[in-house]
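Not measured: the values here are computed from a predicted model. Numbered from 1 within each chain, the chains take letters A, B, ... in sequence-line order.
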There are 2 protein chains.
Amino acid sequence: MKSKRTSLADIAESLNVSKSTVSFVLNGKGKQFNISETTQKLILDKAKELNYVPNYFAKGLREGKTQTIGLVLADISNPFYSELSKAIQESLYEKGYSLFIVSTNDDSTMELKLIRDLILRSVDALIIAPCNGIPALKPVLDETPIPVVWVDRIGDEFADFVGVDNYMESAMLVKRFSVKPKKVGILHPKRSDVMTIQLRIDGTKSACEKQAIPYELASLSENQKESVDKMKQMIDDGVDSFVALNNKVALHAINALNILKVEIPKKVRIISFDDSEAFSYFAPPVTALSQPVNGIGKETVERLMERLKESTENRKHLMMECSFIERSSH
Amino acid sequence: MKSKRTSLADIAESLNVSKSTVSFVLNGKGKQFNISETTQKLILDKAKELNYVPNYFAKGLREGKTQTIGLVLADISNPFYSELSKAIQESLYEKGYSLFIVSTNDDSTMELKLIRDLILRSVDALIIAPCNGIPALKPVLDETPIPVVWVDRIGDEFADFVGVDNYMESAMLVKRFSVKPKKVGILHPKRSDVMTIQLRIDGTKSACEKQAIPYELASLSENQKESVDKMKQMIDDGVDSFVALNNKVALHAINALNILKVEIPKKVRIISFDDSEAFSYFAPPVTALSQPVNGIGKETVERLMERLKESTENRKHLMMECSFIERSSH
DNA sequence: TTGAAAGCGCTAACAT
DNA sequence: ATGTTAGCGCTTTCAA
């Protein structure tokens with residue numbers, strides 16, 4: 001751990017040249033400014049010797065750009081989001097950008113705070129997977145020149161979005177069962193006010209209605225006893241096909257089914273919206289709909305680059321296709 | 001989206017006061033400098049009206065501090081690390097710091113690059129969960145005035161570290177089985193060169209030796225057929241107690257056990273180092289050793305704050321205790 | 001009670 | 001081929 005940082009001026013001084021000469025050389029513009037090979041080498045060597053690292057703030061202040069993007073997510077410990085941030089970070093890194101990741105815990109107040117903070121830190125752009133209270137974000141976002149791309153959940157009809165068509169994808173699920181459902185059980189998490197979940201509920205419902213299949217809704221949580229009771233009730237009601245609207249809910253459902261000793265897929269079938277690493281290890285392995293996280297990440301970054309170019313290209317809503325992972329539970 | 005940012009000067013100009021007056025007021029030093037209530041109110045209102053956000057770079061340039069910390073991890077999509085970053089981010093946020101998270105994919109070259117990049121961005125400090133090639137980091141880290149705290153994996157004997165005693169914790173595992181093992185199967189991931197895994201292997205081995213229990217090692221991977229074969233082999237060899245050295249390996253092992261229709265815990269017992277959300281949903285639920293992620297995160301931040309104070313307090317290696325989650329597989 | 005001005009480290013237009 | 005200098009937006013010392 002060294003005690004002080006070397007500045008451009010230090011190099012200039014120790015070599016008796018001017019700061020600009022040093023700046024030119026260190027920015028690879030030596031040729032362009034016809035700086036002699038000798039001087040260049042001298043400067044480069046000195047810089048290495050003194051372990052010169054440019055001051056990011058001076059540069060930022062001067063250039064007005066930070067090469068930094070802010071990513072606002074509901075929960076970084078959710079595998080979907082952590083995969084997504086990984087994908088985004090990698091794409092961004094290739095383009096020379098760094099990434100601030102912040103986790104809001106699906107709390108709109110926190111979200112607003114964190115977005116303010118990111119703006120304060122002069123990120124060049126924002127990627128947001130919003131909680132529900134989007135209207136609250138509008139005024140803040142409207143007052144900053146920072147472009148925004150929405151991901152996973154649509155925040156603003158008129159801005160770029162990359163994600164999945166939750167409505168349609170869940171509607172399709174109803175047709176995927178190996179046996180035509182007599183009655184569908186729609187399993188959702190406690191917090192069904194999150195936009196994506198709402199869309200999935202609506203999508204599943206409408207598909208059932210279109211196919212004249214009766215359905216029933218239930219919310220499942222960590223409370224095992226409650227989940228078992230609810231599942232039993234539904235099966236008694238004649239439900240033979242379950243659509244779990246996210247992977248956590250699927251986990252709870254399968255656990256309940258195991259406890260109830262209901263055979264899958266013989267007696268009852270289940271499909272999960274969102275895959276999970278563990279699903280292939282279950283007995284039987286769980287069939288799931290998998291979102292193209294990496295694709296979403298890549299496309300998000302593409303959209304962002306477009307905005308950063310201040311291109312006038314129209315904003316787009318990009319709906320990526322999910323893939324159906326056929327295992328044995330459907 | 002507004003087109004231009006308001007600066008201090010804009011406010012000063014529109015109010016016909018000087019920049020310093022505005023600066024004083026906006027930094028809450030109005031009283032201290034005896035600025036009249038009227039002027040203060042005028043300035044505050046104008047700032048709000050023009051939606052003033054201070055320029056982070058100018059401030060940083062001036063003050064030399066960024067209030068930003070860099071976190072370097074092997075893999076953000078690994079639940080352990082994503083939980084950890086969440087905990088760290090939260091503690092840090094309370095103290096007014098923001099966090100850059102970067103994922104190295106356990107690749108030392110990438111790691112070095114990303115650390116360089118973080119230094120370039122003038123983070124105030126670094127938190128690193130290093131890959132193995134620590135010697136490579138030394139020179140870079142030695143040449144910067146930025147303090148480092150190591151987390152999860154020890155990078156430097158003489159610097160702060162927060163994590164878990166992998167050696168001792170895995171040694172204890174051997175005594176945890178409900179039946180004294182006749183022979184222990186030590187299950188590790190393909191890449192056993194990662195420091196934590198190596199320590200866990202050594203710890204388990206030594207415990208077996210001390211208790212005069214024979215043991216056998218095997219590496220498990222995604223390759224299901226191979227895993228099944230290896231597990232079968234070990235059971236034929238008399239192994240009745242498995243220690244899985246991380247949660248992925250445990251997943252593979254249990255899958256193999258299911259396929260082999262070996263009853264757990266009747267015929268064979270298994271414990272996983274590292275817990276997983278899914279473990280409680282298995283039949284039977286999987287017993288695991290759980291690392292105190294939140295505690296590790298909090299303590300890491302505490303260490304960091306100490307360093308940032310430039311306190312001369314001695315560097316510490318903080319070993320946090322794991323908790324044994326008794327479910328039914330041991 | 002307020003204003004002027006220096007200076008943080010860097011870039012680039014302009015001089016020489 | 002290289003040096004001088006203004007200015008990015010802010011804080012803070014000193015002067016008025």
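Scanning both residues, A/E157 and A/H317, for their nearest heavy atoms gives O-NE2, 3.0 Å.
Separating the CG atom of B/N55 from the P atom of D/dG9 is a distance of 7 Å, rounded to the nearest angstrom. Separating the CG atom of B/L61 from the P atom of C/dC8 is a distance of 9 Å, rounded to the nearest angstrom. Between B/L15 atom CG and C/dT2 atom P there is a gap of 11 Å when expressed in whole angstrom units. With rounding to whole Å, A/L50 atom CG is found 16 Å from C/dG9 atom C1'. One interatomic measurement links the two molecules: CG of B/D10 to P of D/dC8, which rounds to 11 Å at whole-angstrom precision. For B/I43 and D/dC10, the CD1 to P distance is 13 Å, given to the nearest whole Å.
Minimum atom distance to the side chain of A/N34 is reached by D/dA1, of the listed D/dG9, C/dG9, D/dA1.
No side-chain donor-acceptor contact under 3.5 Å links A/D160 to the backbone of A/R315. Formation of a donor-acceptor pair under 3.5 Å by the A/T104 side chain with backbone atoms of A/L73 is found in this model.
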Run the numbers on A/K309 and A/E306 for salt bridge (Lys or Arg N to Asp or Glu O under 4.0 Å), then give the verdict.
-> CA-CA 5 Å; A/K309 270 193 261 164; A/E306 202 59 45; 3.6 Å; yes
Worked check of salt bridge (Lys or Arg N to Asp or Glu O under 4.0 Å) between A/R191 and A/D75 | CA-CA 14 Å; A/R191 281 202 56 178; A/D75 179 9; over 6 Å; no
Per-nucleotide protein contact along nucleotides 11-16 of chain D, 5' to 3', at a 4.0 Å heavy-atom cut-off (B base, S sugar-phosphate only, - neither), is BBB---
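For B/S7, no side-chain nitrogen or oxygen approaches OP1 or OP2 of D/dC8 to under 4.0 Å.
The pair A/K46-A/D10 does not meet the salt-bridge criterion, since no charged nitrogen lies less than 4.0 angstrom from a carboxylate oxygen.
Residue contacts for A/N16: at a heavy-atom cut-off of 4.0 Å it reaches the sugar-phosphate backbone alone, with no base atom in range.
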